[in-house]
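The block underneath contains the structure these notes are about, expressed in structure tokens.
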Amino acid sequence: MTDATAPETPRRDGLLSAPLERNFLLQALGLLAWCLAWMAVQTLLDRKGATPQHQVTVFMAAGLAFLGGLFLAARRRAFDLFTSVPFAISQVVLLAMSVLLGTLVLQELKWSEYKSLYGTQWWGGLPLFLVRHAHADDVYHSLWFYGLMLLISLSTLLVAWKRRPYPLPRLGFLLVHIAPTLILAGGLVGKYGFVRAFNEIHQGEPTDLFWRVKGPNPNDWKDAYGLPGFRLRLDKFQIQTYEPEYKLYAYTEPDGKGGFERNPKSYEVKEGMEERLPLTWLRMKMDKVIPDAVDAGGFQEEPKGDLNPALKLQLDLGNGQPVVGYLLAESPAAYRFDEPGGRFAMMVKERFDASLAAQLRPHGPSAQKLAMTFMGKTLEHDAKPGTTWSFPAFELKVVKLHPDFPFKQGPDGPVVLDRIPPQLRGPWLEVQLHRLSDGVDAPLFLCARTPAFSDQANAPILPPGMGMTLHYLREGEESQRRFLVYSLDDTQARLVEDGRVVRAESWAPGKLFTVDKGLSVTVMESLPHAAWNPAFIANPDTQSKAPDPDHANPALQVTVSDPDTGKAETQWLAAKNPDGSAAQGTTFFDGRVGLSYHEKDAEPKDFRSVLVVEDKEGHELARKEVSVNDPLIFRGHWFYQSNYDPKDPTVSGIMVVVEPGLWLTYLGFACLIFGALWMFYLKPWLKKRAEGKVA
Amino acid sequence: MHELYAHFVKGEWPFKLTLIAYALAFLAYLASLWAPRLKDGKDRVYAAARWLFLAAWALNAYTLIGRGIEAGRPPFKTFYESLIYFGFIFGGIMVAVEWLKKVRLLGFIATLLILGALGYALHKQDIEIIQLPPALNSGWFLPHVTIYFCGYSCVTVAFVLGILAWVKPGDRSFDPGSFWARAIGTSEVNFEVLTRNWVRVGFLFLAAGLITGGTWAKFAWSDYWSWDPKENWGLITWLMYLVVLHLFYVPSIPRKVAIRVSVFTWGFIAFTYFGMGYLPTKSQSMHIYTETPPADQGDVKGLNKEMY
Ligand code: HEM
């Protein structure tokens, strides 16, 4: 194959004396000037507020005009330059370096973000300078980058022209050198007719309305895109998950800072399994596994443990079924318990003072908010009557706060407040929706206590296909008026009503405090250093049923022992905390070993939507089960599974993409591969065969 | 050293055996470069080296396939797995070259490079076989990665040949009894032509890798190209090899310059594979190999926090 290469006697040129078509230095300077000119043009257009599409149009017109002028003025020299391989090399190297630049400077941030990112470092001046003057914040959509691609496209076309005619062996060269232009042309066509739009489709509610998004993030939506002549329906949405698998992870390399090196060894969990822990002489044994466990343990006084004051209390409701539990003074989640009947709340506090008393009375919210959820994101605004928000297709206005159930007239006559179920009582917010398309106003009522109720009532009024919900939020509200407060520093129990202490008694273990007739609390135990002592048992609720792998909480009892000393430590490890989150690990032997038991990975496997394309009369035109990698393609529209709502399985986030230049791009790809194969392998073979025939 | 030992202790056995086998093959090749022929004219050391290389590769394949079966998916989601896959593809190509052409020097260099890659894999070892997120669960995953790794392998061969062409440029004929004649198994050679041929194959695979990657992205993310740092580096590498190919056509540029540029260009491939984590823009990429199962990372933090 040596025949195709250059002759071995190179012509040597001086650095500056070489003609332009072989002079890398001059070419580099020329290309640099070309790029600088485009930077200036873009700065100018940016100042005038030209849209990206407008800029591309100006770019194509000005670029082609300039290059046309160049060829008119110096036809021979321009042709020689543009069809020379050294110039090709200069262009491609510069293009590669430009692509590289965009991987060094973070792309598409705001100027303020660049300033905080680079502004404080001594070399930060360079990126800031490039961002400001060379559009380095978006290299790949800058005019100078387009300028390089335009040159490459022109050069390859010209060299393809120059090398005419094309007998069979040389066809590969032609294909390869028209490929870049085809690929770029595909991209250019795409610049004009491109659509990317998103919507959340509700099961059984066909829509032809999508919202255009700028990037792949469906939250930065702009304006509406209507499907031409057909609409999309969701028949079914489904999340597939992997079967949960729980494993035990052993950390045996302490990092000297109280933690461990991050490379545990993982173990399958099997009762009775025993093994030496890696890099130690300690042995680990899995004593017991419970596939779905609950912790039936309790707090215990641990005199050497951390200070964690708690009281064990018994609440007698007068029904012969006392409730026993713990209140922890220092735990924000566990210092208060509201009696199920709502008659009072009890509390354990380090001390009792006037400011605490002042809070213990019913009071309204510190903030009232209107929460608007749509296109998968939630905005919260103060719910002040009179406030208005504008959207592309409608307006929302806060009308009025209602202290109680707002409707005076029910379906069967006037409303009697006392007959309204308590979950619909309490404050409501009235909002008005103004549709811009037909000017119709519709009232919306939002229930603070039971948002789900008003969601259902309002769904038909809200704009379809946006997945929109409105909620009325009240924060920092207190509705209880009676409290029993145990304070630890003075061992007093105080009954507080509407913020005033009405009765105080000292407390001691075994002593009873009567709140009301048939309603009393007994202190059973005081634990200054309360420590939880776990005792896992099989979950009685699920024992008889088949286990539900998604909600089960497996627990494992492990013993780590040291064969040298005969010492052993046994502990329980549960995979989850009571709230369902992954549990933390535990250490053995003073932090020499850490064990953690949890789910291997909780990635969903796939999201699938059965999508139907139908015409305006509802006749089915196409149907497909789309998943993350498998869109539905219909008349140039690609429908992607792109999002979902973890709370509502009847909704699926669908993205639609229209990309008109795609076939050109792929034609270019094909030319590139086949052309290169042709040049590298078919051409030598054809040549050899031709020579064989001659000989 | 202690860290490597710790990783080795925790490693899975098929992988550890593969590593040992490659190490033995490497030592055998090293010996075969200098060991004299036996009196009966047979080159037993070299024969042993070739068999060891083949055996190591078979173990590599076993490790890979076993992991694939256990995971129920193509086994190159994580960095660790991808390095084993690189060993498999590059090793496969080199075993084939070795058995067909008997170039012990290439066998020597190949086992050295694979040892390097798998040693790094030891360092990047997975704690767990993790599942694929939905976007990777695609029919394009296997062909895309396979084609790319063929490309990486071919340009790596070209890199090695390029260094040889740098040292021994032009048409060469070696003394039949000399070190070089034995090392390459023949006395007539032109490393420059060989380098260029392997760059061409690699270039084609890299192009096909870009295109299959784009097609996959079109189906998964709706864009065949999204200027992601990893994609960009794939493009940069491909463009640089395009430059190398064109350099051979410039009469005013000596061939040795083209060869040297081709050697340096391999650095771009290496960076695309190993260097993505060092890019300032890495947080803007979706395509960087997973190194530790994310579910686990969270928990290590929990464990650490608990003890402070
Ligand atoms: C920018 C202007 C370009 C010019 C002036 C140019 C020119 C040439 C020339 C003269 C050859 C030698 C063909 C022969 O004599 O057989 C060649 C080879 C080649 N060109 Fe270009 N080219 C350019 C850009 C490109 C681009 C952008 C691509 C990528 C798609 C490309 C791909 C190739 C390939 C694959 C070869 C074959 C290399 C080989 O045989 O090893 N060229 N080019």
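In the text below, chain A, chain B and the rest are named by the order of the sequence lines, each starting its count at 1.
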Requested in this report: Starting from the C-alpha separation in whole Å, work towards a yes-or-no answer on ring pair (Phe, Tyr, Trp, His ring centres under 6.0 Å) for A/Y640 and B/W221.
Outcome: CA-CA 8 Å; A/Y640 290 89; B/W221 287 288; over 10 Å; no
Nearest 0.5 Å please: distance from the [atom1] atom of [X] over to the [atom2] atom of [Y].
| X | Y | atom1 | atom2 | answer |
| --- | --- | --- | --- | --- |
| A/I183 | B/W225 | CD1 | CH2 | 10.5 Å |
| A/E253 | B/K10 | CD | NZ | 3.5 Å |
| B/H246 | A/S90 | NE2 | OG | 12.0 Å |
| B/N232 | A/S98 | CG | OG | 11.0 Å |
| B/K218 | A/N629 | NZ | CG | 13.5 Å |
| B/R200 | A/F680 | CZ | CZ | 5.5 Å |

Query raised in the report: Would you say A/Y249's side chain and B/I127's backbone share a donor-acceptor pair under 3.5 angstrom?
Result: no
Requested in this report: Please confirm whether the backbone N or O of B/I129 pairs with a side-chain atom of A/K600, one donor and one acceptor, at under 3.5 Å?
Outcome: yes
With a 4.5 angstrom heavy-atom cut-off, could you sort out which part of [X] is near chain B: side chain, backbone, both or neither?
| X | value |
| --- | --- |
| A/L109 | side chain |
| A/D630 | backbone |
| A/Q107 | both |
| A/V105 | backbone |
| A/L677 | both |
| A/Q91 | neither |
| A/F194 | side chain |
| A/I673 | both |
| A/S627 | neither |
| A/V657 | side chain |

Report task. Grab the two heavy atoms, one from B/L132 and one from A/Y242, that are nearest each other, plus how far apart they are. Result -> O-OH, 3.1 Å
Report task. Work out which heavy atom in A/M655 is nearest to a heavy atom in B/S222; give both atom names and the distance. Result -> CE-OG, 4.1 Å
Side-chain contact, heavy-atom cut-off 4.5 Å: [X] with [Y]?
| X | Y | result |
| --- | --- | --- |
| B/W238 | A/V92 | no |
| A/I89 | B/V250 | yes |
| A/L95 | B/L239 | yes |
| B/Y5 | A/L279 | yes |
| A/Y681 | B/L204 | yes |
| A/P631 | B/F219 | yes |
| B/L279 | A/L104 | yes |

Query raised in the report: Which region of B/L245, side chain (C-beta onward) or backbone (N, CA, C, O), has a non-hydrogen atom less than 4.5 Å from a non-hydrogen atom of chain A, or is it both or neither?
Result: side chain
Query raised in the report: So which part of B/T215 gets closer than 4.5 Å to some heavy atom of chain A, the side chain, the backbone, both or neither?
Result: both
Requested in this report: Could you go through the salt bridge (Lys or Arg N to Asp or Glu O under 4.0 Å) check for B/E128 and A/K265 one step at a time?
Outcome: CA-CA 8 Å; B/E128 194 62 88; A/K265 186 171 165 74; over 6 Å; no
Requested in this report: Say whether A/T103 and B/W233, considering side chains only, have a donor N or O and an acceptor N or O under 3.5 Å apart.
Outcome: yes
Requested in this report: For the pair A/Y140 and B/W227, name the ring-plane relationship: parallel under 30°, tilted 30 to 60°, perpendicular over 60°.
Outcome: parallel
Report task. Kindly check if the number of other-residue, nucleotide or ligand heavy atoms within 6.0 Å of OH (A/Y267) is above 12? Result -> yes
